[in-house]
Amino acid sequence: MLKGKSLIDPSDFSKEEFREIFDLAHEIAKDPLKYKKSCEDKILATLFFEPSTRTRFSFEAAMLRLGGQVIGFSEPNSSSVAKGESIADTIRTVENYADLAVIRHPKEGAPRVAVQSVKFPVINAGDGGHLHPTQTLTDILTIEMLKGSVENKVYGFCGDLKFGRTVHSLIKFLSNYEGVRFILVSPEELTIPEFVREEITRKNVPFIEVDKLREHLKEMDFLYMTRVQKERFFNEEDYIRLKDSFILDAEKMKHAGPETYILHPLPRVNEISIDVDDDPRAQYFNQARNGMYVRMALILKLLGIK
Ligand code: CP
């Protein structure tokens, strides 16, 4: 039963609850117009303390396509946060005006603090370099559309695995499923953080950590490329040294399998060359579209409408 729940961490929902969301998202993707009046009297609040294109627009488009309305800010300085208001007071206030809220915040754990102050559903849209569970919903819907199920697959993750919150969330989610294996490709300074390593070790998920991409491409069912997260670095020198560690281009794609699909949460900088975009295995712009469908499903489930 998802009605009234919040999504802060992928471990907040059971496998069965995620299944409900994905089943509905597949239905919505087939016929989105069927749901155009489902949220007619509902309001979504979007509180973005950090920049976003896909997450904010897809949540807003999702609510508008469900017939609901949206309030919020994408620039915290336009709200009373600029006067020093706490996240707890902000969210308690917003609860008076909206039926659920989406929060993106640069501080790890901020959405968890917010949820403790209110009774309505709160969704973590990314907290610092920690987690981004609705990107995981997007990724999984895309994986299911391409290969039917997430089980028994080899997942490559490449780039900034230390600060990449989408990577942490997706690995946490996938670690609960049978037959998954991870190939983690990164420079030594950008390997997965300890909390992710503990999770996959505790769940006995086979994984290797390597610093070369090309030789492992063929065995991957999915390659999840990531941007080196400039905004999380303490000094610019390190960022400049590491930012071009891995660049996927059309030449490297020749070494991938015929069904090695390329995912990326976006935005990209230059870690995927634009000469890959027209390759049918490049699925990152489809991911962005699927993000809207799965967020429509999430909204409907948390509001108890479907
Ligand atoms: N994937 C993702 O979170 O993109 P935005 O930062 O544009 O929301």
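Fair warning: this is a prediction, and the values are worked out from it, not measured in the lab.
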*Asks:* Taking Ser175 for its side chain and Ile200 for its backbone only, find out whether a donor-acceptor pair lies under 3.5 Å.
*Replies:* no
*Asks:* Between Ala98 and Ala45, which heavy-atom pair has the shortest distance, and what is it?
*Replies:* CB-CB, 3.7 Å
*Asks:* Compare all side-chain heavy atoms of Ile192 with those of Glu209 and state whether any distance is below 4.5 angstrom.
*Replies:* yes
*Asks:* With heavy-atom distances below 4.5 Å as the criterion, would you say the side chains of Leu44 and Leu100 are in contact?
*Replies:* yes
*Asks:* Using the side-chain contact (heavy atoms from CB on, under 4.5 Å) rule, take Ile171 and Val205 through it: C-alpha gap first, then chi angles, then the decisive distance, then the call.
*Replies:* CA-CA 10 Å; Ile171 288 180; Val205 182; over 6 Å; no
*Asks:* If you draw the axis of the six-membered ring of Phe48, does the NZ or CZ of Arg104 fall within 45° of it and under 6.0 Å from the ring centre?
*Replies:* no
*Asks:* In terms of heavy-atom contacts, does CD1 of Ile274 have more than 12 from other residues, nucleotides or ligands at under 6.0 Å?
*Replies:* no
*Asks:* Of all residues at least two apart in sequence or in a different chain, which pass the ring-ring contact (aromatic ring centres under 6.0 Å, His included) check with Phe18?
*Replies:* Phe13, Phe173
*Asks:* Is any side-chain heavy atom of Thr138 closer than 4.5 Å to one of Gln135?
*Replies:* yes
*Asks:* Kindly indicate, with the supporting measurements, whether the criterion side-chain contact (heavy atoms from CB on, under 4.5 Å) is fulfilled by Lys107 and Ile87.
*Replies:* CA-CA 11 Å; Lys107 278 205 186 119; Ile87 187 151; over 6 Å; no
*Asks:* Does Glu231 offer a backbone N or O that forms a donor-acceptor pair with the side chain of Gln229 under 3.5 Å?
*Replies:* no
*Asks:* If you measure from the Lys or Arg side-chain nitrogens to the Asp or Glu carboxylate oxygens, is any gap between Lys30 and Glu27 under 4.0 Å?
*Replies:* yes
*Asks:* Please confirm whether Lys15 makes a cation-pi placement over Tyr177, using NZ or CZ under 6.0 Å from the six-membered ring centre and within 45° of the ring normal.
*Replies:* yes
*Asks:* Of the options Ile183, Val154, Leu248, Val185, which is the one that meets Leu223 in a side-chain contact (heavy atoms from CB on, under 4.5 Å)?
*Replies:* Leu248
*Asks:* Does the pair Leu7 and Leu298 meet the rule for a side-chain contact (heavy atoms from CB on, under 4.5 Å), with working shown?
*Replies:* CA-CA 9 Å; Leu7 177 58; Leu298 179 65; 4.2 Å; yes
*Asks:* Flag yes if Ile305 and Leu302 sit in one hydrophobic cluster, no otherwise; membership is Ile, Leu, Val, Met, Phe, Trp, Tyr, and two members link when side-chain heavy atoms are under 4.5 Å apart.
*Replies:* yes
*Asks:* So, Glu199 and Lys203, do they make that salt bridge, N to O below 4.0 Å?
*Replies:* yes
*Asks:* For Gln287 and Asp139, does a side-chain donor sit closer than 3.5 Å to a side-chain acceptor?
*Replies:* yes
*Asks:* For Glu151, is there any backbone N or O sitting under 3.5 Å from a side-chain donor or acceptor partner on Lys153?
*Replies:* yes
*Asks:* Are Phe246 and Val228 side-chain neighbours, meaning at least one heavy-atom pair lies under 4.5 Å?
*Replies:* no
*Asks:* Using a strict threshold of under 4.0 Å (side-chain N to carboxylate O), is an ion pair present between Glu251 and Arg214?
*Replies:* yes
*Asks:* So for atom CG, which belongs to Asp278, do other residues, nucleotides or ligands contribute more than 12 heavy atoms lying within a distance under 6.0 Å?
*Replies:* no
*Asks:* Mind checking whether Phe163 and Leu190 have side chains closer than 4.5 Å, heavy atoms only?
*Replies:* yes
*Asks:* Identify whether the distance between the nearest side-chain nitrogen and carboxylate oxygen of Arg19 and Glu16 falls below 4.0 Å.
*Replies:* no
*Asks:* Can you classify the ring geometry of Tyr284 versus His264 as parallel (below 30°), tilted (30 to 60°) or perpendicular (above 60°)?
*Replies:* perpendicular
*Asks:* Tell me if a side-chain donor or acceptor on Asp275 pairs with a main-chain N or O of Asp249 at a distance below 3.5 Å.
*Replies:* no
*Asks:* For the residue pair Glu60 / Thr46, report whether a side-chain donor-acceptor contact shorter than 3.5 Å exists.
*Replies:* yes
*Asks:* Between the side chains of Glu108 and Arg232, is the shortest nitrogen-to-carboxylate-oxygen separation below 4.0 Å, so that they form an ion pair?
*Replies:* no
*Asks:* Applying the 4.5 Å side-chain criterion to the ILVMFWY set and letting contacts propagate, would Met225 and Val210 be lumped into a single cluster?
*Replies:* yes
*Asks:* Is a side-chain donor or acceptor of Ser14 paired with a backbone partner of Glu17 at a separation under 3.5 angstrom?
*Replies:* yes
*Asks:* Within a strict 4.5 Å, meaning less than it, do heavy atoms of the Asp9 and Arg112 side chains meet?
*Replies:* yes
*Asks:* Would you check if Lys172 and His168 make a side-chain contact, meaning some heavy-atom pair closer than 4.5 Å?
*Replies:* no
*Asks:* I want to check something: taking the side chain as every heavy atom from C-beta on, are Ser79 and Thr90 in contact at a cut-off of under 4.5 Å?
*Replies:* no
*Asks:* So which of Tyr261, Tyr224, Phe222 actually passes ring pair (Phe, Tyr, Trp, His ring centres under 6.0 Å) with Tyr155?
*Replies:* Phe222
*Asks:* Donor-acceptor pair, Asp12 side chain versus Ile8 backbone, under 3.5 Å?
*Replies:* yes
*Asks:* State whether Arg92 and Asp89 are salt-bridged, where the test is any N-O pair (Lys NZ or Arg NE/NH1/NH2 against Asp/Glu carboxylate O) under 4.0 Å.
*Replies:* no
*Asks:* Any side-chain to backbone donor/acceptor pair from Lys306 onto Ala297? Under 3.5 Å, distance only.
*Replies:* no
